[in-house]
Amino acid sequence: MTHPPPSRLSRPLGELRAHYDAVVVGSGYGGGVAAARLARAGKRVAVLERGREVVTGEFPSRFPEMRKEFRVTGGLMSTGPETALFDVRLGQDMHVLVGCGLGGGSLVNAGVCLRPDPRVFADPVWPGQISQDGLIGEGYRRAARWLRPAPDPRATELAKFRSLVRAGTAVGQAPIAPDVAVSFADTINPAGVVQPACTRCGDCCAGCNVGAKNTVALTYLPEAARHGAELYTRAKVSHVERHVDGTWKVSIDHVENMVVTADIVVLAAGTLGTTEILLRSRERGLAVSDRLGERFSANGDIVAFGYGAHERVNAIGVGHPAKADVGPIGASVSGQIEIRSADDLSLELTIQEGAMPSALAPVLPVLFMPNGRLLGALQSLVAGVYKGPFANLQTYFAVSHDSSAGRLVLDDSTLRLTWPGAKDEPVFQRLDDILGKLVRELGGSYVKNPLAGSVMGHQPATAHPLGGAAIGPDAGSGVVDHKSRVFSTRAGSNAVHPGLYVIDGSIIPRSLGVNPLLTITALAERALLHMGTDVGFAVAD
């Protein structure tokens, strides 16, 4: 049955009721799964999202709009609105970029859907049940049904894919077209929402104004709302507490310090948000594992550029409607090179060609000026980035493996990431070496960070933060058990807080070596299957 998407899914916060069967904090992949599954089971559900709702057609398409969508904090700096789509945390050891809005990171990511190497789950850092009970496979199946990952059937026709083919000869690897959560034909998705086909405009990472990207906001959340879930935005949760009657109190940062209670609370606010909520809750007496905040991973992330390539790359988005007639750009990621190692998992790399969104196009020449490329930048300022040197600009996204040695802490009530030596992680040198070879093969210059030496400094940055509330066999090694239940340290190493769950990327205890969205969704589906069995409700497919 077809269900046209409502213009808005969210409700005014003033309509929030005092009590629900379940409160889901966050609305990304984990929160979306939890909200949809619980609502379909007949539970009264409230979803609390700190960001705002941005619907198809409202995402930034020009730079004056885009510049308002960055919230940058760190040290003494704090700029931009709290509900900006991009939340940038500048750290002494590493910078972190996350999405903010109804739909979480799915709104502004590249939508790449990959399963990690089986050796990732063989790592003993995971509880044995993850591999043994068979439900992770079912989780991936359910995730794929709803997110519908598929390769672009026209990937090989795209200039940026052909560029990657030529670059790949430097490392002896031909690219493939990876699965992405994008609809390349007109469709009606499993939530009954009509989605038009991708126009290959290249703007995925600024938000899809076509409606073709299979975000949580177009899949799981409409399904949750259709089954009665109430979705609230601009509702930033500060902490949770156990009430004397056994229910959970969820406190919302608001003028009136709003509180809502629930029998079940699912923390799904992402690696940074969920860990911060648990740290604040621990300050107020919640008994949680001492491992809270540990095992932070950047997923071996790097974003880098090739400047001055000899051939046209066409890797700057044109938006929808198109701002330039330069042919199809493609989705943000249409091709990737996989470098595998049978002997050492940590040496594996995945390198993807990327597209910069059209709203950033006018500022790109300015970004590259500090790196000795003034002449080319000025040429593009005059001619536009769709001509001249920036028509040949390459963007690379890469993921690999790191040591997961970062730690999130509360420092004077502010969440901080501490990871001494992060920039010296071996993965970054390996990525620099390989990316440098790819860029030089095309006659370009490798630019690791056009903002190096500015406010960004020389620290590495990640858009795939993982960990902080890591899964583990017991409270001595993890924050949640294999069912995503939060360990309680008051009643033995395997005791849990009844009704308190963490279902998002913060539970992942190590790097995945691939873009994490599909695994986060699969683990969420798995957790809900266990919750249904334990609590006593059916979890429909």
L267 versus D504, closest heavy-atom pair with distance | O-OD2, 3.8 Å
For K437, look at atom NZ and say whether over 12 heavy atoms of other residues, nucleotides or ligands are found less than 6.0 Å away.
-> no
E276: what forms a salt bridge (Lys or Arg N to Asp or Glu O under 4.0 Å) with it, not counting sequence neighbours?
-> R280
What pair of heavy atoms forms the shortest contact from Q195 to N214, and how long is it?
-> NE2-OD1, 3.1 Å
What are the two closest non-hydrogen atoms of K213 and C208, and how far apart are they?
-> N-SG, 3.6 Å
So, do Y446 and Y307 have ring centers that fall under 6.0 Å from each other?
-> no
Tell me, please, which residues at least two apart from F305 pass ring-ring contact (aromatic ring centres under 6.0 Å, His included).
-> F368
Identify, with sequence neighbours excluded, every residue that meets side-chain hydrogen bond (donor to acceptor under 3.5 Å, both in side chains) alongside D541.
-> R141
Non-neighbouring partners of R40 that pass side-chain hydrogen bond (donor to acceptor under 3.5 Å, both in side chains), sequence neighbours left out = E223
Enumerate the residue pairs fulfilling salt bridge (charged side-chain N to carboxylate O under 4.0 Å, His left out) with a member in residues 180-200, sequence neighbours excluded, ordered by first and then second residue.
-> D152-R200
How would you list all residue pairs meeting ring pair (Phe, Tyr, Trp, His ring centres under 6.0 Å) that involve residues 171-216, not counting sequence neighbours?
-> none
Can you tell me if CD on E338 sees more than 12 non-hydrogen neighbours from other groups inside 6.0 Å?
-> yes
Could you name each residue pair satisfying salt bridge (charged side-chain N to carboxylate O under 4.0 Å, His left out) that touches residues 303-332, not counting sequence neighbours?
-> R166-E311
Identify the heavy atoms of R115 and L518 that sit nearest to each other, and give their distance.
-> CG-CD2, 3.9 Å
Distance, nearest 0.5 Å, that separates NE2 of H95 from OG1 of T462 = 12.0 Å
Could you note down all residue pairs passing ring pair (Phe, Tyr, Trp, His ring centres under 6.0 Å) where residues 144-177 supplies at least one of them, sequence neighbours left out?
-> W146-Y220
Just how far is it from atom OG of S106 to atom CG of L517, taken to the nearest 0.5 Å?
-> 8.5 Å
Restricting to pairs with a member in residues 72-82, which pass side-chain hydrogen bond (donor to acceptor under 3.5 Å, both in side chains), not counting sequence neighbours?
-> R71-S78
Ring pair (Phe, Tyr, Trp, His ring centres under 6.0 Å): which pairs involve residues 55-91, sequence neighbours left out?
-> F70-F86
So, does E353 use its side chain to make a donor-acceptor pair with the main chain of Q394 at under 3.5 Å?
-> no
Partner set under salt bridge (Lys or Arg N to Asp or Glu O under 4.0 Å) for R154, not counting sequence neighbours = E157
Who passes side-chain hydrogen bond (donor to acceptor under 3.5 Å, both in side chains) against R510, sequence neighbours left out?
-> D123, H401
Give a yes or no on whether R340 atom CZ has more than 12 heavy-atom contacts from other residues, nucleotides or ligands under 6.0 Å away.
-> yes
Are a donor atom and an acceptor atom from the side chains of N209 and H320 found within less than 3.5 Å of each other?
-> no
Heavy-atom pair with the smallest gap, counting every atom of A84 and K68 | CB-O, 3.9 Å
